[in-house]
Amino acid sequence: MIDEQLAEYVRQQVMAGFGRGDIAKALLAAGWSSDDVNRALIALSVPMQNEPVANAAALPPAPPFTKPVATPAPSIPHSEPPAFAPVPSESVGTSPNAGTPAPEGLPQRSGPNGPLPGVFALVDAGWRIYCERLGTFVGIGVIQTVWQWIVAGVFLAGGLVFVLSGGASNFSMLALFVALALVFIVFVIFIGVTLNFAPFYVAGGHARSVGVKEALAEAWHRSGSLLWYTVAVSLATSGATLLFAGVPVGAVALIALFALGGGSLSAALGAGLGIFIALAVLGVLAVLVVLALVATWFLFGPWLVIEGAARGIGALRASRELVRGRFWPILGRWLGIAVLFVLAMIPILIVMAALAAAGSGGALVGRTLEGLYVALLLVPVIVGAQYTLYESVRSVPTTDARGRGWYVFLAVFGLLIVPALLLPAVLLASLNTARTKGSDFAVQSDLNTIRVESEIYYSKANSYGTAASCAEGMFASDPTEAMVVASLDRVNGGMTLCRADGTAYVVYSPLSSGGWCADSTGVSTAASAPPADGVYSCR
């Protein structure tokens, strides 16, 4: 139930020509919770952006809104223009769930229970918006492409300067380069968020002809909120993927591993390769299903952040509430748009393949053309289609604030993926390193033992005997040496070299890197290669 005072205040501000962002800002400053504000704005069908009525300046200021035991809501000055204004304020309904007509030429938005526009209608609407604001979309796309080249050039130039200045061998220089790189990366992230979301402002503000400068300014103004939303989406998506796809499929794979091979991967693969192939396919399908689910839930989050109705985890929950009850229709339309996107990529992929076949320079030109094709044409049309879909469903009122803890759990679970993946990798790498060093040390110790036993053998027989391999002479007849040779063969896979001619001997074993050699002169040293044929010393 929406508070009547809150509803009346929102209606008056809409009639005065203000959009969601400005109204939400005033109500939040007055002490209302984001849940109350979001429910009121969506239930009353307040447009994302608005256009002041012709006599807006003559209207008296909206009466200050006072929440019980709260401070009055400040009036919204007319000197601060709303972020968007494509929908005339006269068309805004005053009853809950009243639909707001879409701009001329676009599909009309349905009511809460009405049908949504079809895939082709959405794409047609996105194309109309694109054609209407072609210059602005192209301008932002060109800026995006130029910025990508600038970033690549800066990183390349920085790397060359770092190498030429000897930064790797100078700690102070290394610390300076790392600090500068981190600052530049943070700057690049915020600029990237601004450029990526600027087309959203163009699509949402197409009716009042939002230009390149205004779209970039608005995106930069909300870049922090948009970045936080992007991080929240990434973490929640990762958490959902791990929880609902990775864990179940991984558990089934472990059960199959122990059931078929007793814990041995090679034995399990030999016993049931088809099962593991099926599990791999199942894992891919599970990930795709979870990604489709989460992407549909969070589809409208950017628009809610842009209009100031929610942010971060709150935007995820608010988007989920908009999708509630219409999941399958929205998913179907979004998958249809994705299929059309893939089909639209086929021509440019053919061009890229032809250019790549022409030479290495052609591949670079092809990638550049692909980037321009996506940034200048496909992305704007898709953003326009998404905006039209959002306008079609946003009249659905937000329900109670349930599920917030669930999304926080998914985000935290997603955050655990990084250490969950890195820690086993680090442990395995450390164990492999320790095992390798232990094996090398064991080889060196065994060769020293052979050197001592060979001298004992010589003191008794006054000769080292003759041997062309480790299975002959003293290496086989002396029990200690035979045992040590067997130990070496187990470590190096039977690659031990033994050779003796009565007055001299040499023994060599490969290590994880290079090898180790011992001979009758008392030498026990590292060796890059085994002794040549007919040689009985390590040098």
Side-chain angles (χ1 to χ4, degrees), residues 163 166 168-169 171 257-258 260-271 273 276 421-539:
V163 172
S169 59
F171 179 78
L257 175 64
F258 281 93
L260 296 175
S264 171
L265 179 59
S266 59
L269 289 176
L273 181 60
F276 280 91
L421 295 179
L422 289 182
L423 184 58
V426 172
L427 290 177
L428 287 175
S430 300
L431 289 174
N432 286 334
T433 301
R435 183 168 60 248
T436 299
K437 290 183 177 180
S439 298
D440 290 348
F441 178 79
V443 168
Q444 297 172 27
S445 178
D446 285 344
L447 287 179
N448 284 331
T449 300
I450 286 180
R451 189 163 54 86
V452 172
E453 286 298 320
S454 295
E455 295 306 319
I456 295 175
Y457 184 91
Y458 185 87
S459 65
K460 294 179 179 179
N462 201 28
S463 171
Y464 295 113
T466 58
S469 70
C470 296
E472 301 175 7
M474 66 177 179
F475 306 110
S477 61
D478 184 280
T480 302
E481 292 200 45
M483 181 179 63
V484 173
V485 168
S487 174
L488 287 172
D489 285 340
R490 284 194 298 270
V491 173
N492 61 32
M495 299 296 293
T496 310
L497 181 149
C498 304
R499 190 180 298 150
D501 68 348
T503 60
Y505 74 89
V506 64
V507 182
Y508 170 86
S509 174
L511 302 176
S512 59
S513 177
W516 199 265
C517 183
D519 63 21
S520 55
T521 63
V523 171
S524 181
T525 184
S528 59
D533 293 340
V535 175
Y536 295 89
S537 67
C538 296
R539 302 186 186 279

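Along the sequence shown, the residues carry numbers beginning at 1. If you're wondering where the values come from, they're calculated on a predicted model, not measured in any experiment.
Shortest non-hydrogen contact noted between Ala482 and Ala476 is CB-O, 3.8 Å. Pro531 and Tyr508 get closest at one heavy-atom pair: CD-CB, 3.8 Å. Here the closest heavy-atom approach between residue Ala518 and residue Tyr505 is recorded as O-CE1, 4.2 Å.
Atoms OG and CG, on Ser528 and Leu511 in that order, are 11.5 Å from each other to the nearest 0.5 Å. Rounding to the nearest 0.5 angstrom, the gap separating the CD atom in Glu453 from the CG atom in Asp478 is 5.0 Å. A distance of 11.5 Å separates CD1 in Ile456 from CE in Met474, rounded to the nearest 0.5 Å. Summarising the geometry, atom CZ belonging to Arg451 is positioned 9.0 Å from atom OG1 belonging to Thr521; distances are rounded to the nearest 0.5 Å.
Side-chain atoms of Val506 and Cys517, non-hydrogen and from C-beta on, do get closer than 4.5 Å to each other. Counting only heavy atoms from C-beta outward, the side chains of Ser454 and Ser520 never approach each other to under 4.5 Å. Contact check for Leu447 versus Leu488: side-chain heavy atoms found under the 4.5 Å cut-off. Residues Thr496 and Phe475 have side chains not in contact (no heavy-atom distance under 4.5 Å, counting atoms from C-beta outward). Using a 4.5 Å heavy-atom cutoff, the side chains of Asp533 and Arg499 are in contact.
Under the 3.5 Å distance criterion, the side-chain polar atoms of Asp440 are matched with a main-chain donor or acceptor of Ser512.
The side-chain hydrogen bond (donor to acceptor under 3.5 Å, both in side chains) with Asn492 is formed by just one residue from the set Ser439, Ser487, Ser509; it is Ser509.
Defined by atom type and a distance below 3.5 Å, a donor-acceptor pair is missing between the side-chain atoms of Ser537 and Asp519. At a cut-off of 3.5 Å, with distance as the only test, a side-chain donor of Tyr464 or Glu455 sits close to an acceptor on the other residue.
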